[in-house]
Amino acid sequence: MEKRASAKKAADKAAEKAAPVRKAAAVKKTVVAPEKASAPVKKASATKKVAPKPLRNESQTALVRRARRINRELAEVFPYAHPELDFENPFQLIVATVLSAQTTDLRVNQTTPALFAKYPTPEDLAAANPEEVEEILRPTGFFRAKTKSVIGLSKALVENFGGEVPGRLDDLVTLPGVGRKTAFVVLGNAFGRPGITVDTHFMRLVRRWQWTDETDPDKIEATVSALFPKSDWTDLSHHVIWHGRRICHARKPACGACPIAPLCPSYGEGETDPEKAQKLLKYEKGGFPGQRLNPPQAYLDAGGKAAPPLGAAG
């Protein structure tokens with residue numbers, strides 16, 4: 001009997017070892033929406049990991065609601081968003097915008113003071129010596145082509161528009177070096193006429209947010225404009241572009257520091273660790289100066305810092 005009992009115990013132990021071990025039930029994580037920025041220029045709030053939902057079957061109504069909510073959230077994060085080119089009049093803005101191609105707004109802002117001091121009007125720039133203009137514009141890159149464009153558009157303004165920058169899209173796009181993007185920058189910020197500025201940041205973000213899958217700037221403009229009332233177009237452009245420059249970068253998006261992470265279907269393409277993401281933030285979100293030498297007072301009042309002039313130390 002003792003032998004049988006010991007044999008039974010050994011069999012029971014063997015069965016226990018062979019039985020599959022159940023995994024402990026996974027603890028369901030609660031997704032917590034990131035805090036909104038309490039002060040305009042405070043660093044973006046760190047977020048917990050967010051699992052975005054696939055939006056392939058999103059209805060048009062749901063897309064409109066999500067897109068407008070993203071814009072509202074960004075308006076709270078960047079209430080001081082503004083064109084990041086220094087200008088005092090429409091002529092300075094259109095020239096600065098043409099010069100901003102293939103370079104930063106900061107570099108343009110550091111270069112244009114000397115240009116406008118020497119050539120303050122379209123008449124002055126139209127009659128300028130190209131070699132002298134090239135020397136001033138050299139820091140912006142592609143300075144020969146840009147010199148040709150700004151002198152050419154100045155001549156067109158003098159000859160066709162009485163030396164004044166026109167306030168109509170059809171007229172603006174006839175000027176050398178001026179396309180729809182530049183035209184909408186001028187219309188929205190110098191004339192108060194709504195327009196969507198589709199630059200590289202805007203194109204990248206609206207595709208990441210699945211507002212559109214178009215790649216052509218004109219088609220992107222048409223698709224996105226249909227999601228918002230016309231009165232929102234200019235501010236929307238600022239919000240998206242600022243977010244693209246500061247947080248949602250091309251190569252390393254700071255997903256872990258993104259204030260709209262719960263609304264983004266592309267969350268996880270970039271750094272999701274909050275501490276590491278915080279180090280990727282640029283300009284005032286990262287504690288650094290902005291791009292304008294002479295930013296709006298509202299930006300300065302919010303704690304933003306002006307950029308240094310060309311050649312300044314640091």
Side-chain angles (χ1 to χ4, degrees), residues 82-203 216-222 224-225 230 233-234 236-238 241 291-292:
H82 55 268
E84 296 191 87
L85 291 167
D86 284 325
F87 70 98
E88 296 178 356
N89 53 56
F91 172 63
Q92 290 188 359
L93 178 58
I94 196 170
V95 169
T97 306
V98 169
L99 296 178
S100 68
Q102 305 299 318
T103 191
T104 63
D105 287 356
L106 171 58
R107 180 61 68 188
V108 174
N109 292 336
Q110 292 172 326
T111 305
T112 50
L115 180 71
F116 295 139
K118 191 167 186 177
Y119 311 106
T121 68
E123 290 81 2
D124 295 322
L125 193 51
N129 181 332
E131 292 183 357
E132 294 179 0
V133 176
E134 286 179 1
E135 194 57 34
I136 295 174
L137 300 185
R138 187 179 293 272
T140 68
F142 302 96
F143 57 92
R144 291 190 179 89
K146 291 179 180 180
T147 294
K148 184 177 180 180
S149 291
V150 297
I151 290 179
L153 77 83
S154 297
K155 288 180 178 178
L157 289 175
V158 173
E159 295 171 1
N160 302 328
F161 301 102
E164 298 291 333
V165 176
R168 295 178 63 249
L169 175 64
D170 291 345
D171 292 332
L172 286 168
V173 294
T174 66
L175 300 171
V178 178
R180 290 179 68 87
K181 183 189 82 170
T182 297
F184 281 130
V185 170
V186 175
L187 290 173
N189 298 290
F191 294 99
R193 296 176 183 171
I196 290 180
T197 304
V198 183
D199 71 350
T200 56
H201 301 288
F202 194 96
M203 288 192 288
D216 177 75
D218 291 348
K219 291 181 179 179
I220 290 175
E221 176 197 326
V224 174
S225 65
K230 192 173 183 178
W233 289 354
T234 299
L236 168 70
S237 300
H238 291 322
I241 292 170
Q291 297 198 77
R292 291 187 65 165

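- Minimum interatomic distance between Met203 and Pro217 (heavy atoms only, all atoms of both residues): SD-CG, 3.9 Å.
- Nearest heavy atom pair, residue Ser154 against residue Pro122, reads CB-O, 3.5 Å.
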Distance-only donor-acceptor hits, side chain of residues 93-103, under 3.5 Å, sequence neighbours excluded:
residue	atom	partner	partner atom	Å
Thr97	OG1	Leu93	O	2.7
Ser100	OG	Thr97	O	2.6

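- A search for side chain to side chain contact (heavy atoms under 4.5 Å, CB included) contacts involving Asn160 returns Ala156, not counting sequence neighbours.
- Under the rule for a salt bridge (Lys or Arg N to Asp or Glu O under 4.0 Å), Asp199 has no partner lying at least two apart in sequence or in another chain.
- When every heavy atom of Pro83 is checked against every heavy atom of Arg292, the shortest pair comes out as O-NH1, 2.9 Å.
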Fill in: Candidate pair Val165 and Phe191, rule side-chain contact (heavy atoms from CB on, under 4.5 Å), full reasoning
CA-CA 10 Å; Val165 176; Phe191 294 99; 4.2 Å; yes
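- With a 4.5 Å cut-off on side-chain heavy atoms, Tyr119 and Val150 do not count as touching.
- Using a 4.5 Å heavy-atom cutoff, the side chains of Pro166 and Leu157 are in contact.
- From Phe91, atom CZ reaches atom CG of Asp124 across 8.0 Å, with rounding to the nearest 0.5 Å.
- Here Phe143 contributes atom CZ and Glu134 contributes atom CD; the two are 6.0 Å apart, rounded to the nearest 0.5 Å.
- Residues meeting the side chain to side chain contact (heavy atoms under 4.5 Å, CB included) test with Pro130, sequence neighbours left out: Thr147, Ile151.
- If you take CG on Leu125 and OG1 on Thr121, they are separated by 8.5 Å, rounding to the nearest 0.5 Å.
- Looking at residues two or more places apart in sequence or on another chain, you find a side chain to side chain contact (heavy atoms under 4.5 Å, CB included) between Thr104 and Leu106, Arg107, Gln291.
- Within the 4.5 Å cutoff, the side chain of Asp86 has no heavy atoms near those of the Phe116 side chain.
- For Arg144, the salt bridge (Lys or Arg N to Asp or Glu O under 4.0 Å) test picks out no residue, with sequence neighbours left out.
- The closest side-chain heavy-atom distance from Leu115 to Thr111 is not below 4.5 Å.
- Listed by chain and number, the residues in a side-chain hydrogen bond (donor to acceptor under 3.5 Å, both in side chains) with Arg193 amount to none (sequence neighbours excluded).
- Taking both residues in full, the closest heavy atoms of Phe202 and Val224 are given as CZ-CG1, 3.8 Å, listed atom of the first, atom of the second, then distance.
- Here side chain to side chain donor-acceptor pair (under 3.5 Å) pairs that include residues 161-171, with residues two or more places apart or in two chains, are Arg168-Asp171.
- Looking at Lys146, its side chain does come within 3.5 Å of a backbone N or O of Thr140 through a donor-acceptor pair.
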Only pairs under 3.5 Å count here: list side-chain donor-acceptor contacts from residues 176-188, not counting sequence neighbours, and write none if there are none.
residue	atom	partner	partner atom	Å
Arg180	NE	Glu221	OE1	3.1
Arg180	NH2	Glu221	OE1	3.3
Arg180	NH2	Glu221	OE2	2.7

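- His201 meets the ring-ring contact (aromatic ring centres under 6.0 Å, His included) test with no other residue; sequence neighbours excluded.
- Taking the side-chain hydrogen bond (donor to acceptor under 3.5 Å, both in side chains) definition, one finds that Asn89 meets it with nothing, sequence neighbours left out.
- Distance alone, capped at 3.5 Å, places no donor-acceptor pair between the Asn189 side chain and the Thr234 backbone.
- For Asn129, the side chain to side chain contact (heavy atoms under 4.5 Å, CB included) partners are Glu131, Glu132, not counting sequence neighbours.
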